[in-house]
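Whatever order the structure lists ligands and atoms in, that order sets their numbers, starting from 1. We count residues from 1, following the sequence as given.
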Amino acid sequence: MSSAQQSFNVAMLGCGVVGSEVARLLLADDGDFAARSGAKLNLTRIAVRDSKASRDQIPSELLTQDGESVVSDPLVDIVIEVMGGIEPARTLILKAISNGKSIITANKALLAQHGAELFSAADKAGVDLYYEASVGGAIPILRPMRESIVGDHVNRVMGIVNGTTNYILTKMDEEGLSFEEVLKEAQYLGFAEADPTADIAGHDAAAKAAILAGLAFHSRITSSDVYCEGISQISARDVAVARDMGCVIKLLAIAELTKDNEISVRVHPTLISRKHPLAAVRLAFNAVFIEAQSAGELMFYGRGAGGEPTASAILGDLIAIARNKIRGGQGHGESDYADLAIAAIDNVKSQYLIRLDVADKPGVLASVAQLFAANSVSIETVRQTGRGDSAELIVATHYAPESALKKTVKSLADSDVVKSVESVLRIEGSK
Ligand code: HSE
């Protein structure tokens, strides 16, 4: 093992589940990090909300409640932000950057909202801003997108990037349970947050979708560019119908280029074939599937959350930054030259599955078909199941723009022959 030539002081903002694991691994290191990076990495300061709270294995002299003093400390070279939230994380990171410190952050919400400001500050200061842990936890996905496939043209990225919702949908699929039943169980077992709104409503996945779309299409994308639907309306019946069709419902973060060279970026429950590689991603695992012009299909799979998996990604960034600093400064940043426009959701084309409760009498099917035709939405298949006086009609469409589908659904809901529109789901296939 070669002796380290240099040493860098590392400070942390936050010491929760992820932060305490990063600290534990840094403090337990017996020289491997120095041998791998070329510099000794000293954890010198940790800003926490409550410095009196007991933290096993972390010397109390490292702890402070003064985040400002950490990011202004001239002896600190690299700052790891694992406090989460927008403020004070944004202000502290900007201050650390202006003081010449390189940054590692796992904060997807912050990056998806204020990424442009943070990256431009880092560029101006000539420091690194790395964030591998922000999407897909331990999965190496951002560096491969930024570096390994940067010579290719990405057509589409589809990700299962939220473990909580994937856990719920997997249990619904495999055990036939309702959304509410699985959510309650997931909260009891500690898989889902006490307030699971950001996961269930798709906001966590939307922030990650913005980051993936920006890297894939060399543009700056914010979470407000992402069309977002969550999973709370998915019923046990939707899951059973998908199963009968040889499909599974997944909450997908999708970023793709439209024919007009705009970026469609969206998060919504999606039917995919059980033969698609993403269908095999079970429980709280994450995966990102990329379709690129020359590489073809690529898939990255692993644990998307939790202290140890997320710490793995953060320590990878730390060693990369230390290596860059030894070689004179900043490493590779991502490119944002393309500055592509965002496609309006109304113009985005999908295939849809529409489940209707209708009266079971002559002429109903013809009337329903007529409403699809009137809005230029072409039907691919129709399946009917009788239920006494009424019937369930399950209609799968060909590709149609969202605007035409919305008009169709409205006319179906207003029609006398339709008792109710039970659900509308998108179907994704290979393109
Ligand atoms: N709450 C997220 C999930 C992990 O369930 O995957 C952090 O992004």
Q) Which residues satisfy the side-chain contact (heavy atoms from CB on, under 4.5 Å) test with Lys406, sequence neighbours excluded? A) Asp346, Glu402
Q) What residues form a side-chain contact (heavy atoms from CB on, under 4.5 Å) with Ala116, not counting sequence neighbours? A) Arg220
Q. How many angstroms lie between atom CG of Leu412 and atom CG of Leu393, to the nearest 0.5 angstrom?
A. 9.5 Å
**Q.** Rounded distance (nearest 0.5 Å) linking atom OG of Ser102 with atom OH of Tyr130
**A.** 8.5 Å
Q. Just by modelled atom types, is the Asp32 backbone N or O under 3.5 Å from a matching donor or acceptor in the Asp29 side chain?
A. yes
**Q.** Close-range residues for ligand 1, whose non-hydrogen atoms fall below the 4.0 Å threshold
**A.** Lys108, Asn162, Gly163, Thr164, Asp199, Asp204, Lys208, Ala305
Q: Kindly write out the residues that satisfy side-chain contact (heavy atoms from CB on, under 4.5 Å) with Asp244, not counting sequence neighbours, or none if the list is empty.
A: Arg383
